[in-house]
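Fair warning: this is a prediction, and the values are worked out from it, not measured in the lab.
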Amino acid sequence: MNSTNSIKQKSAISPTRLEDYPEWYQQVIKAADLAEVSPVRGCMTIKPWGYAIWENMQRIMDDAIKATGHKNVYFPLLIPVHFLEKEAAQIEGFAKECAVVTHARLTKNAEGKLVPSGELEEPYIIRPTSETIIGEAFSRWIQSYRDLPLLINQWANVLRWEMRTRMFLRTSEFLWQEGHTAHSTVEEAEAETLKMLNVYADFAENVLAMPVIKGEKSESERFPGAVHTYTIEAMMQDKKALQAGTSHFLGQNFSRAFNIKFSNKEGREEFAYTTSWGSSTRMVGGLIMTLSDDNGLVLPPRIAPLHVIILPIVHKEEQRADILAYCDSLARELRDQSYDKKPIRVDIDTRELAGGEKAWSWVKKGVPFRVEVGMKEVENNAVFMGRRDKEYKDKKAISRSEFVSTLSEELANIQKALLQRAREFQQQNTAIINSEADFYSYFKEGNAGFALAHWNGDPAIEAKIKQDLNVTIRCIPMVDAGESGVCIFSGGKSKQRVIFARAY
């Protein structure tokens, strides 16, 4: 976040990030017209601009998943209760979040109100995740080592009742993809788990311009039923962590629960090794909180629904036809150019609004380039251009030919610059802590970021820190883990530093 200036700068979003970060986040969503709170408790309605961002995420991620050999499937929304009973850890992990379907129809009572009727023999759970129902299918689909590896992915919605919700970051219903695989060896399954974590990390950094740290979750933070859970952790502009995607090595836990067996090459029967991994619309929230500013949403070009919005500026009615014809011609010329191996995405805003109001609406939506075209631009074969990664008033006139010929390169420059800016913010707000006193002091300041500190692996210490400071171990980093040392809480041996932070 930018530091406060001696003279308060006027901004489109109120409050600013520094004044009230949670409310700023909600106001960015409102100003960009991304989503709104639904009449359904804890849920949101994703509006066209927000859904267009999600669709772009989905397309790019789907291509990356398919490139690793996975096939898309779809499983039922409803899961029989006894499926969850087969996997004890899943019951323990999700029981309090489950929505339960107990009746098959509605009838009117004596007062004329609709009430549930036709009680089901067995209740159904609206899926909180699909390991159980997919595990049952795997037990039927897999018979031999020749059926392995089995690699599938599902784009779906899930439902987990949440007490405190925030649009995109934590809602009762959300959209996601969940991958599920089965393998003949532990080595292959573990490699698959890490491969998909790398897919998530690459997507977060190179598509969303959101730098992340890859690492393993501590035992207390693992996915229910997993042997290992791996995560990508991002730093938001309020310096809190966001878990942006997870990948789980499930070992043989679900295979044993659902009898997923295969005959190996020697004819012996074995339990398969399984994995699961997922990312969700939470990434939209991470995108907002990583890059946006006090004027609204900032979108990296690779994910933006539009790269360029053209704004006709008509002061005299007799000039309208010439200005609109110029805009149409410019739009066609731009669409013939490519960025990220796809045609540049362009639209023309012909709404009857004042020029300033129209321009600010697109600033708030985060479109990378705004192009104003009046009669002066038509006569000079030029454009008047502003970039979303610069101040609103930082606009300039350039020739049409220069704008068209350099646009693809400039979009790439914006993408790179946004990632670099976010990476520098993360680095500047990550501290190396070498004593318990400094650790407690750091997090009691109220504006702490990530803390890299030695920990001996004791879950009791982890629990105490969470109780005292509302700080958790975000991950045990996989890269640049650093040297072994001494746990700052116990004095015992520590294999490496881990990342502590407050989190969403």
Side-chain angles (χ1 to χ4, degrees), residues 61-73 87 89-90 93-94 128-135 137-138 141-142 145 147-156 158 176-205 212-234 242-258 260 262 270-280 282-283 473-481 495-496 498-499:
M61 179 71 80
D62 193 58
D63 286 345
I65 290 170
K66 287 174 179 171
T68 58
H70 300 81
K71 309 294 184 186
N72 281 347
V73 297
E87 219 301 314
Q90 284 261 302
F94 287 107
T129 183
S130 299
E131 278 78 7
T132 56
I133 195 166
I134 290 177
F138 277 12
W141 295 356
I142 297 169
Y145 71 92
D147 300 323
L148 299 172
L150 180 55
L151 312 174
I152 66 167
N153 176 65
Q154 172 173 242
W155 290 95
V158 294
W176 77 346
Q177 58 75 212
E178 50 177 321
H180 300 268
T181 70
H183 305 265
S184 58
T185 68
V186 62
E187 293 81 9
E188 189 179 277
E190 287 183 328
E192 172 77 9
T193 309
L194 296 176
K195 178 198 296 181
M196 299 317 298
L197 185 76
N198 288 331
V199 168
Y200 290 155
D202 179 76
F203 176 81
E205 296 199 342
V212 294
I213 297 171
K214 295 183 292 185
E216 183 176 358
K217 286 291 189 181
S218 63
E219 183 178 355
S220 68
E221 295 286 329
R222 282 180 196 152
F223 178 75
V227 178
H228 299 291
T229 287
Y230 299 93
T231 180
I232 53 171
E233 298 287 328
L242 182 78
Q243 178 181 291
T246 51
S247 186
H248 317 288
F249 170 59
L250 305 175
Q252 294 177 318
N253 292 344
F254 283 84
S255 294
R256 294 181 185 279
F258 289 92
I260 307 172
F262 68 98
E270 295 184 36
F271 287 105
Y273 296 88
T274 65
T275 80
S276 68
W277 26 274
S279 63
S280 73
R282 168 175 267 227
M283 279 195 169
I473 294 174
R474 301 316 306 155
C475 70
I476 304 163
M478 297 168 62
V479 180
D480 297 327
K495 293 180 180 179
Q496 67 174 85
V498 303
I499 294 178

Do any side-chain atoms of residues 248-257 form donor-acceptor pairs under 3.5 angstrom with protein atoms, and if so which ones, sequence neighbours left out?
residue	atom	partner	partner atom	Å
H248	ND1	T229	OG1	2.9
H248	NE2	T246	OG1	3.3
Q252	OE1	R256	NH2	3.0
Q252	NE2	F271	O	3.0
Q252	NE2	Y273	OH	3.4
N253	ND2	G225	O	2.9
S255	OG	A272	O	2.5

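Not counting sequence neighbours, the partners of I476 by the side-chain contact (heavy atoms from CB on, under 4.5 Å) test are Q496, V498. For W155, the side-chain hydrogen bond (donor to acceptor under 3.5 Å, both in side chains) partners two or more places apart in sequence, or in a different chain, are D62. In this view, K217 and E233, Q243 satisfy the side-chain hydrogen bond (donor to acceptor under 3.5 Å, both in side chains) rule, not counting sequence neighbours. Residues passing the side-chain hydrogen bond (donor to acceptor under 3.5 Å, both in side chains) test with S279, sequence neighbours excluded: Q177. Considering only residues two or more places apart in sequence or on other chains, E205 meets the side-chain hydrogen bond (donor to acceptor under 3.5 Å, both in side chains) condition with R423. Legend: residues meeting side-chain contact (heavy atoms from CB on, under 4.5 Å) with T68, ordered by chain and number and at least two apart, are H70, K195, M196, V199. For I152, the side-chain contact (heavy atoms from CB on, under 4.5 Å) partners at least two apart in sequence or on another chain are V73, F75, I134, F138, L150, H180. Annotation: side-chain contact (heavy atoms from CB on, under 4.5 Å) contacts of E270 (sequence neighbours excluded): F262, N264.
Within the 4.5 Å cutoff, side-chain heavy atoms of L197 are placed close to those of M478. Side-chain contact between D147 and W141 is absent, with no heavy-atom pair separated by less than 4.5 Å.
In this model, no donor atom of one side chain and acceptor atom of the other lie less than 3.5 Å apart for S247 and T193.
Pairs engaging residues 219-231 under the salt bridge (charged side-chain N to carboxylate O under 4.0 Å, His left out) rule: none recorded [sequence neighbours left out].
Taken to the nearest 0.5 Å, the NZ atom of K214 stands 9.0 Å off from the CG atom of D202.
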